[in-house]
Amino acid sequence: MLYTNYLISAWRNIFKHPLFSAINIFGLAIGLTSCILIALFVRDEISYDSFWQKAENIYRTHITFSVPGRDPMYIAMAPGPIMHALKRDYPQVEYATRISIQEPTIIVDNQYFVDFITLADPEFTEIFELNVISGDVSQALNSTSSIILNETLAQKYFGQGNAVGQTLTIDFDIFKKDYVVAAVIEDMRKNSMVQAEAIIAIDEPAWIDQPYMFDAWFSTNSQLFFTVPSGTSIDSLANTLPDFVNRNFPKLPFGGEDIKTSDMISMEFMNIQDLHLNGNSDGEYHETGNKNTVIVFATVAALILFIAAINFMNLSTARASSRAKEVSLRKVMGASRKDLIIQFLGESILLTLMGMLIALTLVELALPVYNDALGKELGINYGSNDLLYIFGLATIVGILGGAYPAFILSHFRPAETLKANKSAETKASVKLRYALVILQFSVSIALFVSTAVVYGQMLYAKNKDLGYNKENVLAVKEIYRDVVLEKLDLLVDEIERMPGAIAVSWSNFMPGNSNNNNTIVHTEGQSTEDGILLGSRTIGYNYFSTYEIPLIAGRDYVRGRDRAVMTDDLRAGNFYTGSLVVNESALGRLNLGTAEEAIGKVVYVGAGQPEENLTATYEIIGVVPDIHFDSLKLTIRPEIYDLEPEYGSVLSARFNGDPNVFVEQVKQLWEQQIPSIPFDYDFITDAVAKQYNAEQGQANMFAAFSGLAILIACLGLYGLASFTADRRTKEIGIRKVMGASVFDVVKLLVWQFSKPVLIANLIAWPVSYYAMSIWLENFVYRIEAFFIIGFCLIAGIAALLIAWGTVASNSMRVASANPVKALRYE
Amino acid sequence: MLKLQDLTKAYRTDEVETVALNNVNIEIEHGEFVAIMGPSGCGKSTLLNIVGMLDTPTSGHYFFNGEDVAGYSESQLGVIRKQHIGFIFQSFNLIDELSVFENIELALLYHDIPASERKERVAAVMDKVGIAHRAKHMPSQLSGGQQQRVAVARAVVGNQSMILADEPTGNLDTAHGQEVMEMLQKLNEEGTTIVMVTHSPSHADYARRTINLLDGHVVTESMRA
Ligand SMILES: Nc1ncnc2c1ncn2[C@@H]1O[C@H](COP(=O)(O)OP(=O)(O)O)[C@@H](O)[C@H]1O
Ligand SMILES: [Mg+2]
């Protein structure tokens, strides 16, 4: 009975004070919405690969090359032969598989497709459970002519019918072979760093002409996963890795006699569940997450909820005095303090639950956009415990926000509060409210500053001069296939002749994508052992002029004038001197003096596989500045640019005029010349921007949530301002009678709310300066820390303006009211 | 000093029109002490508010020192008001959050008077009404009579030439009421014009002239010899 009474009273109270209730419910709804959305993101990020049965015991092997004078090269891959050595040396290793993802041409019924094919060892199926729809996966990888397809690809190739038993052909360029579909599996889960659409066995003999794929110790072209029995100490295994490296790796071809292999090469095991958040982009097949991002967002979620809970507390305590009479009457009627606390807590929980219902609606509305921005498929699973968690969250917020007001309200003494004309509020509760407003705005301002820094850094990175002109360059991809390379000269010629074409070249890398090819270079008078490891890229003729890179000295590669050194010639004992362009850093590392002095000097460059001990001789014909071909997250390597007339993976064409018209011409040419491979292109500007896609998404998300946090804080301020203005009408009336103008009064009220915002700035500035200057240290190329001070000032002014805007309307209303009205009824 | 001519005030709320003052004609000279009497709701406060320029008449003229202020805007009125008119209310209308000193100082705050001079003038007026020892107290710590003395001090600290008092003794016991009346009398003797609303005939006797209102009309005016 009593509880029905509480419920009725709570319900009535909610509607009796619509503004108060609306602000509370809406603020909570926004807070809970943000919190749920962020929680979905965080849950997805930390859930990666935890669903495998053996998750606790699946590890991946990583390699770090630490070469003196170079940044350590950390690679999420391992050289192919390591797997065999690992299984031989460590009986603890139960199952092991390499995973290499290739993008060959697939031919089904004379139709051509280009798709990702996963190459794996037979034990792949022992480590990773595949959900079989039809066929049998257990023996599939024991045969070198079987293929496992996921549902999507099976349908793409064979339509609705059963794909098992059907045949398709895969053309890897190096070999072309038929495969029989052994099984169709469900598409793999998205929250995994192991994604396979089609799986075939690694057939080492078939790749023998490309030993770097699976057989070279100094090349990494596959990831290596293995399992150990439960209870195995991975640390004690990892401790023996230096010995393992020294025992198994061939002697390093440089660095001298005293250098142990383990000094430069180290191995590391990482549990599969840690890969997503701790992985490194180099050598990953799938996009990694970032542990810091997850922590930051979890914090933001907590802060937003905190701000919403503060609104709740503040508005409730502010309103408390107007409810003093109700409390006193209930007490006179025999209500105990506990009864009242239960009543008021119940009220706040009721409000939060209403907020929660709105929040669930908002979440469902926001999810499509949110998923799009994050590239995920997040959602609330209403069948699972999700709803329970959300209910729990709402209840906790209700209790947190309602406990203090309930305590305050239930404290009123009837004797005091029933006597009119006495402010029921204690000084302490006024002070607390003030402190909480300061806290809210500190958090909002800090979030504002952080957002500005994140954006500022991103804009800086996007607009940084990369050393080349990325505008108006079309990049044609997929040219590394034999069918394209055969026609490379023809393509270049034809494109150069097109209207709008300015220059055309090719390379074995795409600007904006990282490249980790390295080679040993030594100068005259040195031995190979003394050589240094330099980054190496291959390019075609006119590459630097195509990208409008001014040479510091010398010249670009010119057709007919410059000669490339072909590895096969070296193998055949046919030696001659080729041309070479190096960057400024490489010049410094090679000690070749100034750029002008370096021109004409001879250097020796390792060729083929290290074991082959082949050395090519080059004369330096050009020196270019250090160019950001890689991500800005990396320092520029010392690099050589090797001429490669017959090979490339990307063809670059600088053009002017309408990009669409130009692309259309190139596309027509491609389709006419290479009908078997789909035309695939990108603009360099877009390719470079793509590096920041994840950052852009996260920055947008960060900005959105910061904005929401500020919005919630403003809602609270608005409620508090309207409450205060109402409470101060008498005072304002008196002041106006005493001669205060409307402006005087507005100034008074606005100042009342400016003070906490100003104090909030004093708290937020040092905190955000400190935090964001640490964050910036993650970037090699970053904005100056003093920009943060500017952002602080802007945030401070913005917060003040927002606070003013929020309270101004109320203040104006109260200030322009006729004072007689305020003083009339006492 | 002031002259009301055919002054009418009507309140319009939800299509119901209340005529609070109907064709009122009153003239008050400098240095007068006028009492306004009449039953509740007859328009006394309305009259005082218009005289005090807190409200504007619906029609008619209001000459203040020869100037017709009837059509003036709120801010124009505010300028005249803060220079010439002080107020005393039945319910004191002190600001709870300010001390006695600050409450009195409020009347000078909006006058561009330097802080040091404000301090002097507030101190002097507190002496005059005998609450100097309570300067730092909050209104809630004072008795009703003391609060009203603060209100009187606040009404005169700006050297206002006219004080409007709306039932200044209505919330006070006999002894305290007497005190406030004596204070007003003293101010009047010093030259301040006083217009006071009261229900108490004995307090009205302090005034030299009494105006009786009924339903918005002036019914009688009497002068004491
Ligand atoms: N702001 C207002 N709105 C509507 N009616 C009002 C307002 N102020 C006063 N009145 C009405 O005008 C009449 C005179 O009021 P008032 O001057 O306060 O009377 P008194 O002070 O003599 O008791 C009353 O009928 C009152 O209800
Ligand atoms: Mg009245």
Side-chain angles (χ1 to χ4, degrees), chain A residues 318 321-322 324 413 415-417 419-431 433-434 723-749 751-753 755 811-826, chain B residues 9 11 13 20 45-50 52-56 73-98 102-113 138-140 144 147 150-151 154-155 157-158 160 164 166-167 170-171:
Chain A
S321 43
S322 66
R413 302 229 171 92
E416 286 169 16
T417 42
K419 202 168 66 188
N421 222 350
K422 169 115 177 51
S423 165
E425 240 185 331
T426 62
K427 274 226 166 69
S429 86
V430 177
K431 274 205 181 120
R433 194 156 63 226
Y434 198 72
F723 166 81
T724 315
D726 286 344
R727 202 177 48 114
R728 292 182 77 173
T729 42
K730 178 190 149 197
E731 177 200 336
I732 289 160
I734 297 171
R735 286 184 187 269
K736 286 189 76 180
V737 170
M738 293 302 129
S741 65
V742 172
F743 179 67
D744 287 324
V745 173
V746 172
K747 215 164 57 181
L748 178 84
L749 289 175
W751 172 240
Q752 182 193 11
F753 287 100
K755 243 189 323 185
S811 306
M812 272 307 289
R813 176 174 60 82
V814 175
S816 20
N818 190 332
V820 175
K821 283 194 186 127
L823 302 178
R824 202 172 131 81
Y825 306 99
E826 255 304 301
Chain B
K9 174 72 182 177
Y11 292 108
T13 42
S45 298
T46 305
L47 178 65
L48 219 58
N49 287 337
I50 291 175
M53 301 180 200
L54 294 174
D55 216 342
T56 47
S73 72
E74 196 195 320
S75 60
Q76 282 173 311
L77 291 174
V79 173
I80 305 176
R81 182 176 69 225
K82 72 180 178 187
Q83 231 170 1
H84 298 283
I85 307 173
F87 291 88
I88 302 172
F89 302 93
Q90 175 180 3
S91 52
F92 323 136
N93 277 334
L94 302 179
I95 296 177
D96 300 332
E97 289 81 10
L98 300 182
E102 290 161 343
N103 263 292
I104 300 173
E105 191 189 23
L106 201 61
L108 302 177
L109 219 50
Y110 302 104
H111 281 91
D112 279 332
I113 296 170
M138 302 308 273
S140 61
Q147 289 192 42
V150 176
R154 186 180 61 182
V157 69
Q160 274 79 356
L164 303 179
D166 195 346
E167 301 186 39
N171 278 359

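Hydrogens, waters and symmetry mates are skipped; everything else that's a heavy atom, side chains included, is used. Every chain is numbered from 1, with letters handed out A, B, ... down the list of sequences. It should be emphasised that the depicted structure is a prediction, and the values quoted were computed from it without experimental measurement.
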Quick one: closest heavy-atom pair of Lys730(A) and Leu94(B), and the distance?
-> NZ-O, 3.2 Å
Of all heavy-atom pairs between Gly739(A) and Tyr110(B), which one has the smallest distance, and what is that distance?
-> O-CB, 3.6 Å
Applying a strict 4.5 Å limit to non-hydrogen atoms, the region of Gln90(B) in contact with chain A is neither
Can you tell me if Arg154(B) uses its side chain to pair, donor with acceptor, with the backbone of Met738(A) under 3.5 Å?
-> no
More than 12 foreign heavy atoms under 6.0 Å from CE of Met138(B): is that the case here?
-> yes
Are Asn818(A) and Glu74(B) close enough that some pair of their side-chain heavy atoms sits under 4.5 Å apart?
-> no
Hey, what do you get for CD1 (Ile95(B)) to CZ (Arg735(A)), rounding to the nearest 0.5 Å?
-> 4.5 Å
